[in-house]
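Encoded as structure tokens, the structure appears first; notes follow it.
First the proteins, then the strands, lettered A, B, ... as listed; each starts at 1.
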2 protein chains.
Amino acid sequence: MSVKPLPLAPQIACGDCQIRHRAVCARCEGDELQALEEIKYYRRFEAGQTLVWSGDRMDFVASVVSGIATLTQTMEDGRRQMVGLLLPSDFVGRPGRARAPYDVTATTDVMVCCFRRQPFEAMILRTPHLAQRLLEMTLDELDAAREWMLLLGRKTAREKIASLLAILARRNATLLSQTVKGRAITFDLPLTREAMSDYLGLTLETVSRQISALKRDGVIHLEGKRHITVPDMNRLLSEAGDDSDGGLVD
Amino acid sequence: MSVKPLPLAPQIACGDCQIRHRAVCARCEGDELQALEEIKYYRRFEAGQTLVWSGDRMDFVASVVSGIATLTQTMEDGRRQMVGLLLPSDFVGRPGRARAPYDVTATTDVMVCCFRRQPFEAMILRTPHLAQRLLEMTLDELDAAREWMLLLGRKTAREKIASLLAILARRNATLLSQTVKGRAITFDLPLTREAMSDYLGLTLETVSRQISALKRDGVIHLEGKRHITVPDMNRLLSEAGDDSDGGLVD
DNA sequence: CGGCCCATTGACTATGGTCAATATAAGTGG
DNA sequence: CCACTTATATTGACCATAGTCAATGGGCCG
């Protein structure tokens, strides 16, 4: 794996930032935003690079600005489980904790907005807006983790794949503010089969077989290995084992 | 199921409360504590009772004072997955959310300290200590949920059981401030085989078989159905698939 | 072209699930 | 007090789902 020097990350003003209104900083204005501006710096990572290794010292916390990263836990014998999927605006790291408990890996090219940990921790204590937003985001992550526990513990391989595809399709639809109802949805898989298997608690062979099966059954169409079309979102959702419109109404 | 009127829950002053220094209220003093005192009330539930049904309106948030409760998700066809185990000092409910996303069930007799939701939400906004403590607790829960994802996605049935027993043993040891190293540990299972299976993503038959297997292999001793002795904690931990002393050093 | 990575597919196996019988303990009511 | 019921747990026989191991295919890049 060749480690090329990365192009220096551009410094973006908070006011111009794409994730300004969804990230930890969402509720900060004026002085508060200025204070964040002073302790932040950007970093870029290429697809496949590891941002942090489990057990490493972390001197920053960060927001994902663009791209997708994953949190994974690894057992001694090599079994791996992804425990988080980080999308733009998601938060990495924990105030008050110096060591990373998971590997953080870029699955696409990723840009993060890092805040030096010490000043950020101090800021949390005196900036209620920051703590409140972080609380809200953490509660959302907890909900997502619990949804994932249901998937890992009780869903079949086919349902697991359908659930993942549904999440990606929904996310893509909201990004493009397409309507999900009715019309076909199209997107690119940002994950390899192996990453999907780590996420779903399956082997990559099972992932591959189930994707083929969903294709055979017309639930999805595939172009190449990564480009997916979902002709009928409700069909996909019912394959996922959720109530047919559960995730859409909300 | 006969629904007896429960004895009225006693009103305890915050100063006398067992969980005073571990619950959401831990960092509140003086006026803040007084404000909490004014919006709180206690409720008791018997083993087996449901505190809240998924989808119900919840007009309070709460701290578990004593006993054990569970959070479970249920699929339409009845498959169930426990997504949280609530021990004394743990928090139930989410500020800013009116409907419960999970069933909350008492597995032993339970006492909770409820805070009326509206005033509690208002208090979060103006009491940084409260928001900060809740953030910390939520981050801990998120870590626990992620640990659980590794278990659900990647561990074998035997490892799952050993992991659960290890958690219960450790918790019991800390409660009694016994040292975990060396000497044998003894405790009662607070969960039925079925609840264990819901927690572990297994069937109750598999739970039963694996407990029998651990007994046969001398990893645990059983008296009756519920009383467990762990002669060698390190043995149990290595059966759980964690590094042999991972959870102890900390 | 050759090598590498990612993905697919097949044959076989193993782990845990299903269905069913039986055991055990704790009530409940005659 | 004992028969009866009910809830909880154990065990066995069989089966299905997903895992393992291995061969093969298809892009992409040097």
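Across all non-hydrogen atoms, the minimal contact from B/V52 to B/D56 is CG1-CB, 3.9 Å. Taking every heavy atom of both residues into account, A/R80 and B/R154 meet most closely at O-NE, 2.6 Å.
Side-chain atoms of A/S54 and A/D103, non-hydrogen and from C-beta on, do get closer than 4.5 Å to each other. Side-chain contact between B/L165 and B/L214: present, with at least one pair of heavy atoms (C-beta onward) separated by less than 4.5 Å. A heavy-atom distance below 4.5 Å is not found between the side chains of A/I161 and A/K155. Inter-residue side-chain proximity for B/R146 and A/E141 is flagged as met; some heavy-atom pair is nearer than 4.5 Å.
Per the geometry, CD belonging to B/E223 stands 16 Å off C1' belonging to C/dA25, to the nearest Å. To the nearest angstrom, P of D/dT11 lies 10 Å from CG of B/L222. One interatomic measurement links the two molecules: CZ of A/R79 to P of D/dG19, which rounds to 12 Å at whole-angstrom precision. At whole-Å resolution of the value, CZ in A/R193 and C1' in D/dA18 are 18 Å apart. One interatomic measurement links the two molecules: CG of A/L189 to P of C/dC6, which rounds to 14 Å at whole-angstrom precision. Taking atom CD on A/E194 and atom P on D/dT20, their separation rounds to 13 Å, with Å as the unit.
Counted within 6.0 Å of CD on B/E194, heavy atoms from surrounding residues, nucleotides or ligands total 12 or fewer; the atom is thus considered open.
Overall, the helix from C/dC1-D/dG30 to C/dG30-D/dC1 carries an axis bend of 30° between its ends, with five pairs at each end and the value rounded to 10°.
In terms of phosphate contacts, B/R226 brings a side-chain nitrogen or oxygen within less than 4.0 Å of OP1 or OP2 of D/dA9.
A heavy atom closer than 4.0 Å to some atom of DNA chain C occurs in B/G201, B/L202, B/T203, B/E205, B/T206, B/R209, these being the qualifying members of residues 201-218 of chain B. Within residues 151-161 of chain A, the residues having any heavy atom closer than 4.0 Å to DNA chain D are, in order of number, A/T156, A/A157.
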### Query
Should A/L87 and A/R22 be marked as a side-chain contact (heavy atoms from CB on, under 4.5 Å) after you check the CA-CA gap, both sets of side-chain angles, and the distance that decides it?
CA-CA 11 Å; A/L87 306 178; A/R22 290 190 297 145; over 6 Å; no
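Counting only N and O atoms by type, the side chains of A/T229 and A/T186 include a donor and acceptor under 3.5 Å apart.
Between B/R209 and B/E205, no side-chain nitrogen of the basic residue sits less than 4.0 Å from a carboxylate oxygen of the acidic one, so the salt-bridge criterion is not met.
A/Y41 and A/F60 have perpendicular rings, their planes meeting at more than 60° on a 0 to 90° scale where under 30° would count as parallel.
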